[in-house]
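Remarks on the structure that follows.
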Amino acid sequence: MNFQPQAYEPELARSWAERPAAAKKPAAKKYYVLEMLPYPSGALHMGHVRNYAIGDAVARFLRMRGYEVMHPMGWDAFGLPAENAAIQNRTHPREWTLNNIANMKAQMRRFGFSYDWRREVTTCLPEYYRWNQWFFLRMHERGLAYRKKGWVNWCPRCATVLANEQVAGGVCWRHEDTPVEQRELEQWYFRITQYAEELLRDLDQLSGWPERVTAMQRNWIGRSVGAELAFGLEPRSGQAAAAAARLNVFTTRIDTVYGVSAVLLAPQHPLLAEILTAAERERARALQPARGAASEPEKLGFDTGWRARNPFSGESVPVWVANFVLMNYGSGAVMAVPAHDERDYEFCQKYGLPIRPVIEPESGADILAAGAYTGDGRMIHSGDYNGLPNREAMARMTRWAEARGVGKGTVSYRLQDWGVSRQRYWGTPIPMIYCPGCGVVPAPDQDLPVRLPEDVPISETGVANLAAIQSFIQTTCPKCQGAAKRETDTMDTFVDSSWYFYRYLDAHNDAAPFAREAARRWMPVDQYIGGIEHAILHLIYSRFFTKVMRDLGLVTIGEPIARLFTQGMITRSGAKMSKSKGNVVDPAALIERYGADATRAYVLFAAPPEKDFDWNDQGVEGLHRFFGRVYRLALRHPPQTAMAAPPARAASAAEDRLLRKTHTTLARITREMESRWHFNTCIAAAMELVNVFYELEPERAASRISAAAWDDCLRRLVLMLAPYAPFLTEEIRRQWAKSGSAGAVWEEEIQGQGWPESDPAWAREEEIELVVQVNGKLRARLRASASAGEEELRELALADAKIQTLLDGNTPAKVIVIPGRLVNIVLREGK
RNA sequence: GCCCGGGUGGCGAAAUUGGCAGACGCACGGGACUUAAAAUCCCGAGUCCGGCGACGGACGUGCCGGUUCGAGUCCGGCCCCGGGCACCA
């Protein structure tokens with residue numbers, strides 16, 4: 001009875017390969033379990049295994065509970081690594097990607113993850129990306145996809161533009177050693193800001209999301225309420241052209257407007273092109289900050305020599321260029337109020353600009369002693385507003401500005417439109433055409449997909465991007481039939497992953513991205529599971545897409561994901577696993593050694609799934625041992641009896657114990673699987689149960705436990721382990737069937753069985769251990785009936801010999817009785 | 001700086017509503033089986049003090065304080081670790 005998972009797992013994996021996981025009655029309630037689709041990098045890593053082990057345990061459990069479960073898998077198959085690999089081994093990105101997919105798919109099957117492969121989605125295939133193009137065209141029709149010239153993040157290593165979300169700490173998300181540059185380019189954008197308000201508001205509905213994630217998104221959208229004010233640029237001798245220019249600033253502190261010392265412009269501000277000399281423009285350019293640079297650089301700036309008029313005070317203030325003013329937020333211009341803003345304070349202090357307080361704290365403290373005062377207070381030096389509380393002044397001043405036409409209340413967002421153009425080969429071609437006569441013309445629907453040319457030159461410097469492929473570029477204008485050129489940018493791969501979970505529902509539809517019917521039946525995703533690293537990018541884009549799809553009439557929902565679960569990271573020796581650190585754990589090696597069940601189950605057992613955990617090589621061994629114990633136990637006891645309800649009465653104390661342990665364990669696991677998914681305690685509970693089986697084996701041998709009771713408990717054990725050990729449990733079924741067992745063995749596979757019910761009569765203990773405390777300290781443990789009342793327990797506790805000694809003849813001041821748990825005897829103070 | 005998490009034995013952890021702190025596992029120690037080893041099965045174990053011993057006592061969930069008959073759990077203050085955001089006016 002050697003336990004050798006290698007002897008049966010591969011065979012079972014093969015037999016499960018193409019078959020969709022058992023679907024239940026079509027009338028059943030639907031449940032959509034989704035795990036984040038992987039990038040096909042070549043092989044699964046432990047993070048994937050954790051993600052899919054969680055999802056698969058849940059999917060299997062729900063299937064056993066009778067749900068019709070949607071559990072698909074696919075590939076996020078476009079993207080830069082394929083091009084890098086192409087350079088290295090001179091293989092075509094497509095070939096490299098498809099090979100990796102084949103390999104990883106084989107690994108997933110070997111792990112026994114119960115995906116419905118008929119629904120597999122591969123984003124780099126034309127059958128998929130044509131719908132990216134289709135969505136692009138629909139968005140273009142509605143003005144949601146548009147082209148503009150703008151300052152963009154450029155990674156010199158990737159040789160492409162990055163979205164703001166892909167830049168962290170001033171470096172590229174893929175090349176942490178490469179500073180991101182700013183370039184001004186013509187790019188395609190998605191107008192996600194049009195949905196900013198809704199994306200923010202609807203976060204409140206997402207009660208099934210971790211608060212951490214909604215907080216990050218809220219932060220990311222960054223709504224702030226303020227006002228736009230017009231500071232008129234004053235004419236300057238000999239440069240009258242710009243004289244009429246109005247200069248808008250955005251502020252959240254209109255109440256401080258009487259304290260303005262200067263107007264500060266971002267170095268990229270368009271007005272500078274008109275008002276600066278060539279030499280000055282060069283100076284401004286040098287001030288451009290790298291986006292989100294690692295540390296806050298020194299504040300720098302210079303006086304343009306121009307002046308602007310404060311719309312409230314009429315005062316003339318200088319116009320400066322300052323490196324810390326962001327062009328892509330608000331209007332790219334701010335009013336500097338050094339007395340009430342720390343940044344302005346630092347800047348004005350440095351350049352000797354005046355610092356004038358206009359708000360006085362209630363305490364009357366000397367506010368400039370410690371830098372800027374940013375709190376509330378009363379208005380001073382502010383004309384008609386003097387004496388008002390500043391909050392009240394804000395509202396009045398906004399109204400005044402609106403009435404005078406010099407400003408208005410506005411809302412500003414940190415969120416910016418989503419730049420989707422990438423100057424790469426391996427992505428979805430943007431389906432637009434440039435005609436010398438007609439301008440920018442969308443490719444007609446019937447021409448989709450605009451195919452990515454396959455025959456492209458690959459050299460050691462990279463894959464040629466589309467701009468270099470004449471056969472791709474040259475086309476005819478759909479409007480005038482004249483010669484025209486195709487757009488050569490491809491789409492950001494986040495476009496692919498923004499809607500892939502809809503495509504699973506109708507993966508082979510060639511008339512539409514998916515049938516409305518399918519989406520109505522299956523959406524929203526009931527449970528999404530993946531890493532926290534996608535808290536912003538992927539999850540906000542997906543929400544945006546769903547809202548656009550709703551406005552296109554494709555779906556009726558406004559949010560795609562009902563519940564989100566973010567799993568913890570697996571580290572090793574406290575560090576993130578990475579190839580460069582050489583500390584990766586290879587799942588393939590673990591399967592080789594311990595099998596798929598033990599590997600999956602260990603990942604679930606090591607910690608609650610939302611928590612990070614540090615890998616321990618020896619931990620898997622524990623699960624391997626445990627499954628060996630289960631296997632041997634089961635094979636020693638093929639069922640002798642028919643399947644029946646558990647006996648109403650136990651034949652012996654031992655039988656009573658087994659029945660109670662089985663049913664309490666079952667109740668406990670069921671509750672966990674339905675609530676917080678602490679699989680670690682589920683598996684621990686199953687281990688306890690198995691330990692009891694071992695302890696009671698002699699009792700069974702001596703017939704003090706009936707075959708009927710034993711068989712029933714053992715069958716339940718097998719079923720309750722199925723979500724964590726699909727191979728083992730199925731193998732036990734097969735072995736039982738082969739053994740010519742006298743009793744009943746399931747005819748269908750374990751994954752087609754129903755989840756066992758726990759019998760409430762057995763799922764509770766009859767006798768409890770009563771804890772007796774004296775002044776809150778544990779002094780005795782007694783046996784008591786679980787149903788004993790307060791009075792009975794009180795008597796029992798007080799009658800105990802040890803308690804009597806401790807009481808020493810004194811009368812307790814108070815006795816607290818918690819039935820089923822404890823008795824606490826309180827003696828008077830000083831005793 | 002701001003916003004989230006988290007801190008429990010040698011290690012991963014458990015204690016779901018305020019009610020036995022440390023379930024379950026890893027590592028470790030002992031025993032059985034074996035010519036031997038592996039595998040397997042059984043037993044032990046928070047720390048300190050006392051006792052030959054069964055056992056008894058004290059302490060113990062980052063630190064300080066509070067509420068309560070009773071606090072890992074609730075409240076106030078602080079320390080440390082991890083993550084996210086970070087010149088957003």
Side-chain angles (χ1 to χ4, degrees), chain A residues 1-3 168-169 210-216 218-220 222-224 226 249-253 256 264 289 292-293 295-297 299 322-326 328-331 333-337 340-344 346-347 374 412-416 532-533 535-536 568-569 571 574 602 605-608 610-623 625-626 628-629 632 668 671-672 675-676 678 680-691 694-695 697 769-778 780-781 812-818 820-827:
Chain A
M1 242 182 335
N2 248 350
F3 176 56
E211 214 187 290
R212 182 155 70 126
V213 175
T214 49
M216 279 162 85
R218 210 165 265 128
N219 194 358
W220 188 260
R223 180 182 200 265
S224 52
V249 303
F250 175 75
T251 180
T252 55
R253 291 297 304 272
T256 64
L264 310 180
S295 62
E296 234 170 73
K299 289 186 176 35
N323 66 342
F324 66 95
V325 178
L326 304 171
N328 43 23
Y329 180 77
S331 57
V334 302
M335 54 188 217
V337 187
H340 303 290
D341 181 283
E342 275 156 28
R343 297 154 302 186
D344 297 344
E346 191 188 326
F347 188 80
T374 56
S412 211
Y413 298 92
R414 188 181 171 281
L415 180 74
Q416 288 163 40
I532 184 76
E533 66 273 20
I536 302 173
M569 242 179 17
T571 59
Y602 171 62
F605 179 70
E610 71 278 7
K611 247 185 100 168
D612 291 351
F613 82 90
D614 205 61
W615 184 261
N616 175 355
D617 282 314
Q618 283 151 334
V620 198
E621 212 143 339
L623 268 294
R625 274 200 283 264
F626 170 59
R629 276 165 78 77
R632 286 184 296 272
R668 200 171 143 190
R671 188 162 10 105
E672 267 303 337
S675 55
R676 53 174 200 175
H678 280 198
N680 54 330
T681 61
C682 295
I683 295 171
M687 287 172 168
E688 281 185 53
L689 174 58
V690 169
N691 290 346
Y694 268 70
E695 192 188 321
E697 235 179 336
E769 195 175 56
L770 181 72
V771 167
V772 185
Q773 298 179 332
V774 176
N775 287 338
K777 286 194 177 153
L778 176 71
R781 297 162 200 267
K814 200 172 178 184
V815 179
I816 312 264
V817 182
I818 310 295
R821 290 197 193 266
L822 60 72
V823 175
N824 187 12
I825 299 162
V826 186
L827 297 180

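Here is the naming used below: chain letters follow the sequence lines, and residue numbers restart at 1 for every chain.
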- Message: By the 4.0 Å heavy-atom rule, please label A:E342 as base, sugar-phosphate, or nothing.
- Response: nothing
- If you look at every strand shown and take non-hydrogen atoms under 4.0 Å, does A:S412 touch a base, only sugar-phosphate, or nothing? nothing
- At under 4.0 Å, does any side-chain N or O of A:S675 touch on OP1 or OP2 of B:U16? no
- Whole angstrom is fine here: how far is it from CG in A:L778 over to P in B:G60? 15 Å
- Reckon A:E621 touches a base, only the sugar-phosphate, or nothing at all at heavy-atom distances under 4.0 Å? nothing
- Spacing of A:N824 atom CG relative to B:G18 atom C1', expressed in whole Å: 13 Å
- Where RNA chain B forms runs of at least three Watson-Crick or G-U pairs (i with j, i+1 with j-1, under 3.5 Å), the stems are B:1-7 with B:79-85, B:10-12 with B:24-26, B:28-32 with B:40-44, B:46-50 with B:55-59, B:62-66 with B:74-78
- Task: Answer yes if the side chains of A:N219 and A:R414 hold a donor-acceptor pair under 3.5 Å, and no otherwise.
- Result: no
- In chain order, what residues pass the ring-ring contact (aromatic ring centres under 6.0 Å, His included) check against A:F347, with sequence neighbours excluded? A:W320, A:F324, A:Y351
- Message: Need one value for A:P608: base, sugar-phosphate or nothing, where a base atom within 4.0 Å counts as base even if backbone is also close, heavy atoms only.
- Response: sugar-phosphate
- Which part of the nucleic acid, if any, lies within contact of A:G622, taking any heavy atom under 4.0 Å across all strands shown: a base, the sugar-phosphate backbone alone, or nothing? sugar-phosphate
Is there any protein nitrogen or oxygen under 3.5 Å from a nitrogen or oxygen in nucleotides 41-44 of chain B, and what are the pairs?
unit_1: B:C41; atom_1: OP1; unit_2: A:R629; atom_2: NH1; d: 3.0
unit_1: B:C42; atom_1: OP2; unit_2: A:R629; atom_2: NH1; d: 3.3

- Item | Nucleotide B:A89, atom P - distance to CG of A:N328 in whole Å | 13 Å
- Task: Under 4.0 Å between any heavy atoms, over every strand shown, what does A:N680 touch: base, sugar-phosphate, or nothing? Just pick one.
- Result: sugar-phosphate
- Is a side-chain donor or acceptor of A:R676 paired with a backbone partner of A:P608 at a separation under 3.5 angstrom? no
- Using a 4.0 Å heavy-atom cut-off across all strands, classify A:D614 as base, sugar-phosphate, or nothing. nothing
- Among the nucleotides B:G19, B:A23, B:A89, whichever has the atom closest to the side chain of A:E688 is B:A23
